[in-house]
Amino acid sequence: MSVEDASEKGQIEADGMFAAPPPPSDPAGQRAWAESLSPDQLGEAADNYPAELANAYQIAPWARERAAWNYLPKLRDELTSQAALLEEQHGAAQMMHEKTRAWTDLQTVRQKLRDLDQIETSVKGSEGLHLLGLRPHENGVGAVVAQGDIAAADHVAVHVPGMGTETADKLDSGGDLPGEIEKIERLQLAMDDSLEYAGRRGERVAAVAYMNMDYPDFLPQARTPDYADAAAPDLAGMLNGIKSTAAGETNLTLLGHSYGSLTSSEALKAGGRADNVVFYGSPGLESSGEEFDPASTGVPDGNRYIMLAKDDPIAPGGYLSPFGGPPADTPGLTRLDTNSHKVIIDGDEVRLGASSGHSEYDGYRTTSQWNMAAIATGAPENAIAYDSDLQNRGRSFHHSIGDDLRRVR
């Protein structure tokens with residue numbers, strides 16, 4: 001046989017003879033380890049080491065997704081066993097009229113089981129959705145969910161939500177996994193609109209919901225940077241993984257809302273790479289409380305943006321001033337508008353709605369979402385600049401960012 005055929009035959013036989021070794025724990029080592037394996041070996045490793053590879057962002061997304069789905073039932077079995085033991089301990093304590101932590105711990109384990117059920121219900125079998133991270137934390141189970149193929153996309157947007165986000169049990173609030181999936185689905189549609197508007201219809205997009213962390217539930221908890229600081233290395237690793245496992249050059253945009261803007265800022269300062277960042281509804285961007293330096297994010301000058309709705313209650317900073325105060329007027333951040341505008345999409349006039357309050361920035365076909373999509377698709381010339389005079393008068397207006405963007409930088 002030819003040398004090429006012999007090589008292929010030898011590789012097939014070797015794959016059958018030798019199982020993949022255990023993956024290393026460090027990201028750089030994981031990448032080198034994955035690159036040393038054949039696709040069959042990597043798939044087998046995802047079956048054999050699901051807990052280790054479910055959040056290994058430097059390996060191919062398809063293998064990570066396979067590991068995550070293998071990890072989920074194993075994690076459910078572990079939590080079910082923990083719940084049974086805690087129920088037994090709680091019952092024994094009741095018999096002795098003793099107070100223990102068993103009941104509190106049992107509720108936490110049950111919440112984690114509900115989170116797993118929510119992930120499986122929301123993602124498994126849903127067209128276009130991919131589970132690309134699965135991590136238990138102190139109060140629940142987090143996830144990374146993508147709409148679209150992040151390895152093949154020309155443009156990827158990563159959304160990091162804020163305070164009160166949980167995987168399950170936030171019905172009708174938009175703060176649970178189904179709510180976050182709706183947000184990235186709307187964002188993907190807006191990105192497609194943006195490409196249509198820019199005359200670049202053939203380019204591919206994907207949107208990611210990052211929920212692989214423990215979020216503060218109440219304002220007193222949100223006053224501390226601990227949650228953001230704890231999650232920053234993982235989010236940084238995920239951003240770098242998107243870059244390193246992409247099939248080509250990917251335009252990567254990080255979108256941080258509310259407390260998620262602080263998490264996003266800290267992730268970038270922890271070494272996460274992004275081509276653009278948009279902070280919105282932000283209480284502050286510096287966990288140390290010192291003055292925020294936009295250059296510390298590593299995002300190029302001119303690619304860092306901020307949005308703040310006129311009636312967003314977080315605007316004064318005040319209660320959350322430990323994060324360096326309101327960032328909306330920070331030099332080095334380009335402020336984009338959130339008011340109502342008119343644009344022409346595919347020959348039709350479309351009114352973009354205004355964002356109101358703290359939680360309407362990502363409403364479909366709002367000006368704020370239009371701006372996020374324009375930045376996320378590499379079309380900043382189509383974003384709409386903030387104008388303080390028009391914002392204060394509440395007027396509807398329409399203009400391209402062009403010279404105005406340069407003026408407000």
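Between His159 and His257, the ring planes lie parallel to each other; the angle is under 30°, not in the 30° to 60° tilted range.
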Which is it for Lys112 and Glu78 under the salt bridge (charged side-chain N to carboxylate O under 4.0 Å, His left out) test, yes or no, and what are the steps along the way? CA-CA 11 Å; Lys112 292 180 180 181; Glu78 293 174 10; over 6 Å; no

Pair Arg114, Asp176 - check salt bridge (charged side-chain N to carboxylate O under 4.0 Å, His left out), show working. CA-CA 12 Å; Arg114 285 193 291 270; Asp176 57 5; over 6 Å; no

Evaluate the side-chain contact (heavy atoms from CB on, under 4.5 Å) criterion for residues Asp117 and Arg76: first the C-alpha distance (whole Å), next the side-chain angles of each, then the deciding distance (0.1 Å), finally the verdict. CA-CA 9 Å; Asp117 290 341; Arg76 179 183 281 120; 3.0 Å; yes

Worked verdict on Arg31 versus Thr245 for side-chain contact (heavy atoms from CB on, under 4.5 Å): CA-CA 9 Å; Arg31 182 177 182 182; Thr245 60; over 6 Å; no

For the pair Asp337 and Tyr386, evaluate side-chain contact (heavy atoms from CB on, under 4.5 Å) and give the outcome as yes or no after the intermediate values. CA-CA 4 Å; Asp337 199 66; Tyr386 170 78; 3.8 Å; yes

Could you walk me through whether Thr377 and Asn382 pass side-chain contact (heavy atoms from CB on, under 4.5 Å), step by step? CA-CA 10 Å; Thr377 52; Asn382 293 330; over 6 Å; no

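Expressed to the nearest 0.5 Å, how far CD of Gln58 lies from OG of Ser244 amounts to 3.5 Å. Atom CG in Asn55 sits 8.0 Å away from atom CZ in Arg64 (nearest 0.5 Å). Atom CZ of Arg351 and atom OG1 of Thr367 lie 9.5 Å apart (nearest 0.5 Å). Atom CD of Glu266 and atom OG of Ser287 lie 3.5 Å apart (nearest 0.5 Å). From Leu177, atom CG reaches atom CE of Met211 across 5.0 Å, with rounding to the nearest 0.5 Å. Atom CG of Asp362 sits about 11.5 Å away from atom CD1 of Ile184, to the nearest 0.5 Å.
A heavy-atom distance below 4.5 Å is found between the side chains of Lys269 and Glu286. Between Gln111 and Thr108, every side-chain heavy-atom pair lies at or beyond the 4.5 Å cut-off. Between Thr297 and Leu254, the closest side-chain pair of non-hydrogen atoms is not below 4.5 Å. Put simply, the side chain of Pro21 reaches to within 4.5 Å of the side chain of Leu37, judged on heavy atoms. Counting heavy atoms from C-beta outward, Met238 and Val158 have side chains that approach closer than 4.5 Å. By the 4.5 Å heavy-atom criterion applied to side chains, Leu79 and Gln82 are counted as neighbours. Residues Asp47 and Arg66 meet the side-chain proximity criterion, which asks for heavy atoms closer than 4.5 Å. Taking 4.5 Å as the limit, some side-chain heavy atom of Leu268 sits within range of a side-chain heavy atom of Leu239.
A donor-acceptor pair under 3.5 Å links the side-chain atoms of Asn303 to the main chain of Asp275, judged by distance alone. Using a distance-only test at 3.5 Å, with no hydrogens or angles considered, a donor-acceptor pair links the side chain of Asn371 to the main chain of Ile384. The backbone N or O of Ser38 sits less than 3.5 Å from a side-chain atom of Gln41, completing a donor-acceptor pair. Side-chain N or O atoms of Gln221 include one that pairs as donor or acceptor with a backbone N or O of Phe218 at under 3.5 Å. When atom types are taken as modelled, the side chain of Ser36 and the backbone of Trp33 share a donor-acceptor pair closer than 3.5 angstrom.
Annotation: side chain to side chain contact (heavy atoms under 4.5 Å, CB included) contacts of Ser261 (sequence neighbours excluded): Phe279, Ser282, Pro283, Leu285. In terms of the side chain to side chain contact (heavy atoms under 4.5 Å, CB included) criterion, residue partners of Glu203 (sequence neighbours excluded) are, by chain and number, Asp154, His155, Leu195, Arg200. In this structure Pro50 satisfies the side chain to side chain contact (heavy atoms under 4.5 Å, CB included) test together with Asn70, Tyr71, Lys74, sequence neighbours excluded. A search for side chain to side chain contact (heavy atoms under 4.5 Å, CB included) contacts involving Ala152 returns Asp149, Arg204, not counting sequence neighbours. Residues passing the salt bridge (charged side-chain N to carboxylate O under 4.0 Å, His left out) test with Asp293, sequence neighbours excluded: none.
Checked by atom type, the side-chain pair Asp192/Gln188 shows no donor-acceptor distance below 3.5 Å. Tyr364 and Asp193 share a donor-acceptor pair across their side chains, judged by distance under 3.5 Å alone. Side-chain atoms of Asp312 and Tyr361 form a donor-acceptor pair, as typed in the model, at a separation below 3.5 Å. For the 3.5 Å distance criterion, the side chains of Asn251 and Asn276 qualify, holding a donor opposite an acceptor.
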Output side-chain donor-acceptor pairs under 3.5 Å for residues 130-145, partner residues at least two apart or in another chain, one line each.
| from | atom 1 | to | atom 2 | distance (Å) |
| --- | --- | --- | --- | --- |
| His130 | ND1 | Glu65 | OE1 | 3.2 |
| His130 | ND1 | Glu65 | OE2 | 3.3 |
| Arg135 | NH2 | Asp234 | OD1 | 2.4 |
| His137 | ND1 | Asn139 | N | 3.2 |
| His137 | ND1 | Gly140 | N | 3.2 |
| His137 | NE2 | Met213 | O | 3.3 |
| Asn139 | ND2 | Asp214 | OD2 | 2.9 |

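Residue Pro23 comes nearest to Glu52 through the heavy atom pair CG-CB, 3.9 Å, listed as atom of the first residue, atom of the second, then distance. Scanning all heavy atoms of the two residues, the minimum distance from Leu333 to Pro327 falls at CD1-O, 3.7 Å. Here the shortest heavy-atom pairing between Val299 and Ala274 reads CG2-O, 3.8 Å. The shortest non-hydrogen separation linking Leu106 to Ala83 is CD1-O, 3.6 Å. In terms of heavy atoms, Phe292 sits closest to Pro294 at O-CD, 3.5 Å. Residues Ala231 and Thr263 share a closest heavy-atom pair of CB-CG2, 4.0 Å.
Residues Arg110 and Glu87 are paired through a salt bridge, judged by an N-O separation under 4.0 Å between the basic side chain and the carboxylate.
Within a 6.0 Å radius of CD in Glu196, other residues, nucleotides and ligands contribute more than 12 heavy atoms.
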